[in-house]
2 protein chains.
Amino acid sequence: MKIGELANATATKVETVRYYEKIGLLPPPARTAANYRAYGSEHLARLSFIRRARDLGFTLEAVRELLTLSDDKSQPCEAVDAIARTHLIDIDRKVADLTALRTELDKVIGSCRHGTVAECKIVETLGPR
Amino acid sequence: MKIGELANATATKVETVRYYEKIGLLPPPARTAANYRAYGSEHLARLSFIRRARDLGFTLEAVRELLTLSDDKSQPCEAVDAIARTHLIDIDRKVADLTALRTELDKVIGSCRHGTVAECKIVETLGPR
DNA sequence: TTACCATCTGTAGCAACTACAGACTCAAGA
DNA sequence: TCTTGAGTCTGTAGTTGCTACAGATGGTAA
């Protein structure tokens, strides 16, 4: 499997695949005579894992930990659970922050009377108190 | 007003103030004999504006536009309103994305039976389909 | 053969800061 | 007066997670 095929199979850009290799998330594959990367099914599995975790919003550092943990099948999965729960809390905080911000921005926009900039409540709100 | 005071008054880091100057958001102030930056009240007003806009989640590019617009007081404030509304839509999209992601992550976590990694549904979910 | 694509390495760019290093200025205390 | 500590200066490099080149090969089809 060449890098383009692997990238295609995982909806990843070729550059991103190489990037994951560079930062040590994806092990360096064998090379063809022409120095092309030759991937196997284990690479496909690992990259799928990475992509899915990234889609769920895990940072690359979290993905790295999840990969390490998932490599030792006999361990209890508490650590995995902990990482996921921490991430969930993180998302909840972000949603709360964004929602609060939305409320405020909505209020600011609602105050606009569509006159000149001099009278604009949006601009006024942004200025010094 | 020295840079530290200005930074303090606007809850900004000194480095960030210098950064805003470097990228042209904040005009270069006069200098003291010792080459220290000497700010006036117009700088305070402008930096307050920037900070407030940033707190509302506007990008620096949007802030730049808002500043340009707010400098011409006689213009209609439609453009200002448009930037704010675009940003609101952006926030709504982000909240929706995060909420969807949260639902899925919650489902993944809920499937964990707290056994070994080999049986872990979280790890399984992340693997290839 | 010639065109065109994929692949290779290495480097630089994006947002929006943040964190140094190494030199200076300034005010207060012993 | 000397010294100590804090603030300031410039310039550069780091952060996250890629993305986009440039310039050189390799592989394939008309």
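In what follows, chains carry the letters A, B, and so on, assigned in the order in which the sequence lines appear, proteins first and then strands, with residues in each chain numbered from 1.
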Between D:dT10, C:dA6, C:dA19, spot the one nearest the side chain of A:Tyr36, thanks.
C:dA6
I need the CE-C1' distance between B:Met1 and D:dG7, as an integer number of Å.
15 Å
With heavy atoms under 4.0 Å as the rule, sort B:Tyr20 into base, sugar-phosphate or nothing.
sugar-phosphate
Atom-pair distance (CD1 on B:Ile50; P on C:dA15), nearest Å
16 Å
To the nearest angstrom, the CG-P distance between A:Leu25 and D:dT16 comes to 12 Å
Gap separating the OG1 atom of B:Thr12 from the CG atom of B:Leu6, nearest 0.5 angstrom
7.0 Å
Regarding the side chain of B:Lys2, the nearest nucleotide among D:dT8, D:dT19, C:dC17 is D:dT8
What is the distance, rounded to the nearest whole Å, between atom CD1 of A:Ile23 and atom C1' of D:dT15?
13 Å
Minimum heavy-atom distance between A:Leu26 and A:Val17, given as atom pair plus value:
CD2-CG1, 3.9 Å
Phosphate-side-chain proximity, B:Arg31 and C:dT25, N/O vs OP1/OP2 below 4.0 Å
no
Hey, does A:Thr32 reach any base, or is it just sugar-phosphate, or nothing, if we go heavy atoms under 4.0 Å?
nothing
Once you round it to whole Å, what is the distance between C1' of D:dA6 and CD1 of B:Ile3?
15 Å
For atom OH of B:Tyr19 and atom C1' of D:dA13, their distance in whole Å
14 Å
Map A:Lys22 and A:Asn35 onto DNA chain C by nearest heavy atom, then report which one ends up closer to the 5' terminus.
A:Asn35
Taking all heavy atoms of B:His87 and all of B:Phe58, pick out the closest pair and write down the distance.
NE2-N, 3.5 Å
Testing D:dA20, C:dT9, D:dG17 for proximity to the side chain of A:Glu15, the answer is D:dA20
Base, sugar-phosphate alone, or nothing: which one does A:Arg54 contact when heavy atoms must sit under 4.0 Å apart?
sugar-phosphate
Looking at A:Arg37, I'd like to know whether one of its side-chain N or O atoms comes within less than 4.0 Å of OP1 or OP2 on C:dT7.
no
Expressed in angstrom and rounded to an integer, what is the separation of B:Glu5 atom CD from C:dA27 atom C1'?
14 Å
Between C:dT18, C:dT25, D:dT8, which nucleotide has the shortest distance from any of its atoms to the side chain of B:Ala34?
C:dT25
Taking CG from B:Leu6 and C1' from D:dC9, how many angstroms apart are they, rounded to a whole number?
16 Å
A:Arg54 and A:Val63 have their tightest heavy-atom pair at CD-CG2, 4.1 Å
Side chain of B:Arg18 (C-beta onward), nearest among D:dT8, C:dC8, C:dC17
D:dT8
By nearest atom, which of the nucleotides D:dT19, D:dC9, C:dC17 is closest to the A:Thr16 side chain?
D:dT19
Looking only at side-chain atoms of B:Lys13, point me to the closest of C:dT18, C:dC8, D:dC9.
C:dT18
For a quick test of reading the model, state the closest non-hydrogen atom pair linking B:Pro29 to B:Ala38 and the distance between them.
CB-O, 3.4 Å
Check against salt bridge (charged side-chain N to carboxylate O under 4.0 Å, His left out), B:Lys94 and A:Asp97:
CA-CA 11 Å; B:Lys94 272 184 192 147; A:Asp97 286 355; over 6 Å; no
